[in-house]
Every structure is written in structure tokens, then in C-alpha cells.
There are 2 protein chains.
Amino acid sequence: MARWEPNAPERLAQAALDLFAERGYENTTVIDIAQRAGLGKTTFFRHFQDKREVLFGRGTTNDLLAEAIAAAPPTAGPLEAVAHALDAAGRQVFTSARREFTVRRQAVIAANPELQEREALKNLTLIASMAEALERRGVPELTARVAAELGALASSIAYERWSRTGDGDDFGEIARRALDDVRAATPLC
Amino acid sequence: MARWEPNAPERLAQAALDLFAERGYENTTVIDIAQRAGLGKTTFFRHFQDKREVLFGRGTTNDLLAEAIAAAPPTAGPLEAVAHALDAAGRQVFTSARREFTVRRQAVIAANPELQEREALKNLTLIASMAEALERRGVPELTARVAAELGALASSIAYERWSRTGDGDDFGEIARRALDDVRAATPLC
DNA sequence: TAAAGTGATGGAACTAAGTTCCATCACTTT
DNA sequence: AAAGTGATGGAACTTAGTTCCATCACTTTA
């Protein structure tokens, strides 16, 4: 049994998402968030670097994707390994259980430039860790970077589609199709 | 003749870059910057949205690239149009005259996550405007997005190389080579 | 030449983000 | 029962960023 109400970070993140959705990111103070979670401002900043970070908390996605790339069959080419990673994202991030949460979160981010900045940078580090994971498979540096970029593009297209589909649809499959589309659309000159 | 010392934004930007390079972004207050430029805090925020923006002021690069893509020969493919845009960037942004400034600026950005976030988002809008410009040439949406992404990747590789070369080297040429390298490295599976 | 106009500026006062320090509280271990 | 431990909250602080208003330098009009 815990000493205090458990899961302070989760409660803060939930309170933040609710408030951001209700009245907007700008019109929500950190004190508002902490109060709704039954905590103080100090505790908020003990769990999150800053106000934006409350929406980006679990940064384990980098490792998740890198591990999936490492675990792809040795015969798989770079883009196939990336597809493997997108599959993993579908199984652990873009699940139907977390669907509503994810969609609300993305809507909040889309409404605020400060949050978009944070997401843009997180996305760059995500691309970098995919590229590194590919290099560890023996993929040449530049090819790895291109493959990671194409994977990120496919992922964002796949999110677009997934967020509009019914509950049964698997992100992994959608992402594979998106990656195929991207490959087919890649210009040669 | 101007009423006050002219070019307040330029003076502020120069003072900011100098101070950031001297003592770091975090250890420089907006008041420090304004004082060195002979101005007040209020005037700083009249010219720049926020402290980060002082390093990203002239946002005309988007239009520059879009116009260069529009002006590319009608026969040019998507990547050739992008190469045209990188040429234009070389002629107006990555010039040998602005070389020292640009390199110092990039070094300051590389040293601070807050600035990296701003740059990451600016880069996304830059990619978006290149993609739009390509679509206006009749390039299909997805192909346009991929071409713009590959162009951005080539540009960052080209900057890497350009920042290390001697003064005579032309960014446009370096970027064309980088784009060729990217194309050659693009994985098909 | 004098008066009114214009636009950039600076200062003061304010809110909110984020930090630091210290006391407290809830529960655990000795 | 007493000491220990880790999460918490409050107070006080610095800085980013906003708002409002007065002022100043120069221009235009009378």
C-alpha cells in the first residue's frame, strides 16, 4: 500500500489533459493542474521538467522503436525493419484502449505552438534513435537516416488515418500500408 | 534619416547572439540583451515574440524556397525543383558573407534545447511550404511531402559540410551533391 | 516659426513559469 | 516508542512575457 494517493504523475497528466481540452493550454496554469490533481505546484515540477512535458511524459517510445528495429528479422531491409517498429508502436502506443486519450492529446497539441515545438523536437530524437538502431543492423548511415525519415512520415500519415477509423483497426497494418504508399511515392528525380 | 538609432531588431539580434555565445542562452536575460543594444525590455518584446525568436527573426526563408521551387524549369522533376530551392538558399542565406554569423548562430542553437525546439518547428513549416510549392507544380501530395523531406535532409547534410569548408565553396553545389547522395542512399525495402 | 501629429521608446506594475529551501507529514523500520 | 525515509507543500525568489501610459524625437501642417 502506498503512503499517499498513488500515481501522482498519472493524475497530473490526466488533470492537465482535461484542463487543456476544456479551456486551452494557455488558459490553464500549473497551479490549476496541480489543484485538480490534489497536489501542489512544487510537486508538479518535481514530476515534470516543465508545463509542456506533462503531455510527453513517458519518453520510452524511443527505446520501444529502437528495440523493435533491433528485433526485426536479420534478413529484413531497412524499411522492413522500420515497419516492424511501427507495428510495435501500434501494439503499445496506438492501441484501441488508449485511442481516445491519444486523439485528445494530439488535438490539444495541434492547438498550441508551444506544444508543437516540443513534439517536433521529440520527433527528431525519435527519428535519430530509429536511425541509430538501423545503423546497428549494419545499414549505412545515410540510408539509415533516410529510412528513419520515411518511417516517421509514414507514421504521421498512418496516425491521420488511424485516428479517423473505427475501433477495430490495427495501427500496425495501417502503418504498413502508409509505408508502402510512401515508398511508391518516393521521387527519383 | 531615422529618428532614433536605426535597425533596432538587428542590433538586438546581434547583441543576443554575442551574449548567448559568451555566457550561454540560459545565463542571458532579455534585459541584458536590450541593455547591450541600448534599448529597454519593452522594446525587445515589441520586435520579437519571445526570447527565442531573436535568433529566428527573418522568417522569409519559407517564401524564398517556395518561390525558387515555383521558378524551377517546368520540365524539372520534384527533386530537381528542390535542388533549385537549395541553390536559392545558398545564394541568399548560406552566403560566404553571412557564414560566420550563421555558424555562430547554429552553435548557439545546438547548445540549447529550447532553441532546438524552435528550430525543429520552423523546419517543419519550411518542409510544409516546400511541399505546397511542389504541389502547385502538379506534384502529387505524397510525392511532394517525400521530396520536401529529402530536401530538408540534404540541406542539413549540406550545412554540415559547408560549415567545415573554406570560404570559397558554394552551398548550392554542396547541396546538390548532398541531394544526389540522399537519392542514392534511399532504400527500396 | 509654432503647433499638432506620429511612431518608436521606456518604465512601472502585473501574471505566470520555474527554482530553491525548508518544514511537515505519512508511513516504515528499528 | 523513536528514529528514519521519501513524498509533499509553502514561501520567497528570478525571469519571461503583457499591458498601460507617459515621453521623446522628429515630421507635418498651419
Side-chain angles (χ1 to χ4, degrees), chain A residues 1-20 22-57 59 108-109 111-119 121, chain B residues 1-20 22-59 108-109 111-119 121-122:
Chain A
M1 222 218 297
R3 299 175 176 180
W4 299 268
E5 288 301 312
N7 302 327
E10 272 95 317
R11 277 185 296 142
L12 287 165
Q14 187 63 53
L17 181 56
D18 290 344
L19 286 168
F20 293 165
E22 279 171 27
R23 35 170 125 144
Y25 175 84
E26 308 263 52
N27 300 320
T28 306
T29 71
V30 169
I31 294 183
D32 292 335
I33 300 169
Q35 274 182 349
R36 180 169 293 203
L39 295 166
K41 177 189 178 185
T42 313
T43 300
F44 179 96
F45 285 110
R46 201 170 279 124
H47 290 291
F48 299 102
Q49 252 189 347
D50 54 43
K51 185 183 169 190
R52 307 161 231 13
E53 195 65 12
V54 71
L55 282 185
F56 298 88
V108 167
I109 292 171
N112 187 279
E114 259 185 78
L115 295 170
Q116 290 168 43
E117 290 189 352
R118 178 61 48 90
E119 193 187 38
L121 186 56
Chain B
M1 221 216 298
R3 297 174 176 181
W4 298 269
E5 287 302 313
N7 302 326
E10 271 96 318
R11 277 184 295 141
L12 286 164
Q14 187 61 55
L17 180 57
D18 289 345
L19 286 168
F20 294 165
E22 280 172 25
R23 35 170 125 145
Y25 175 84
E26 308 264 50
N27 300 320
T28 306
T29 71
V30 170
I31 294 183
D32 292 336
I33 300 169
Q35 273 183 348
R36 179 169 294 203
L39 295 166
K41 177 189 178 184
T42 311
T43 300
F44 179 95
F45 285 111
R46 199 170 280 125
H47 290 290
F48 300 103
Q49 252 190 349
D50 54 44
K51 186 182 167 188
R52 305 156 214 61
E53 196 66 11
V54 71
L55 283 185
F56 298 89
R58 289 196 284 286
V108 167
I109 292 171
N112 186 279
E114 258 184 79
L115 295 171
Q116 289 168 44
E117 291 189 352
R118 177 60 50 89
E119 193 187 38
L121 186 56
K122 296 264 182 188

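Keep in mind the model is a prediction, meaning the values are calculated, not measured. Numbered from 1 within each chain, the chains take letters A, B, ... in sequence-line order.
Side-chain contact between B:Glu53 and B:Lys122 is present, with at least one heavy-atom pair separated by less than 4.5 Å. Counting heavy atoms from C-beta on, the side chains of B:His47 and B:Leu39 never come closer than 4.5 Å. Residues B:Arg118 and B:Leu55 fail the side-chain proximity criterion, which asks for heavy atoms closer than 4.5 Å.
Using a distance-only test at 3.5 Å, with no hydrogens or angles considered, no donor-acceptor pair links the side chain of B:Asp32 to the main chain of B:Thr28.
Between the CZ atom of A:Arg118 and the P atom of C:dA17 there is a distance of 14 Å, given to the nearest Å. Atom P of nucleotide D:dA16 and atom CZ of A:Arg52 are separated by 13 Å, given to the nearest angstrom. One atom, CD of A:Glu114, and another, P of C:dA17, lie 9 Å apart when rounded to the nearest Å. In this structure, CG of A:Asn7 is placed 16 Å from C1' of D:dG6, rounded to the nearest angstrom. Rounded to a whole Å, the CD atom of B:Gln49 is 13 Å from the C1' atom of D:dT18. The distance from atom CZ of A:Arg23 to atom C1' of C:dA16 is 14 Å, rounded to the nearest whole Å. The nearest whole Å value for the distance from the CZ atom in A:Phe48 to the C1' atom in C:dA16 is 19 Å. Atom OH in A:Tyr25 sits roughly 14 Å away from atom P in C:dA16 (whole-Å rounding).
With a 3.5 Å ceiling on both atom-pair distances, the Watson-Crick or G-U wobble partner of C:dT28 is D:dA3. Pair check for C:dA13 finds D:dT18; Watson-Crick or G-U wobble, both atom distances under 3.5 Å.
When all heavy atoms of B:Leu12 and B:Ala34 are compared, the pair lying nearest together is CD2-CA, 3.9 Å.
Applying the side-chain contact (heavy atoms from CB on, under 4.5 Å) rule to A:Tyr25 yields the partners A:Phe20, A:Lys51, A:Arg52, A:Asn112, A:Glu114, A:Leu115; only residues at least two apart in sequence or on another chain are considered.
Contacts between residues 32-47 of chain B and DNA chain C, defined by a heavy-atom separation below 4.0 Å, involve B:Gly38, B:Leu39, B:Gly40, B:Thr42, B:Thr43, B:Arg46, B:His47, listed by number.
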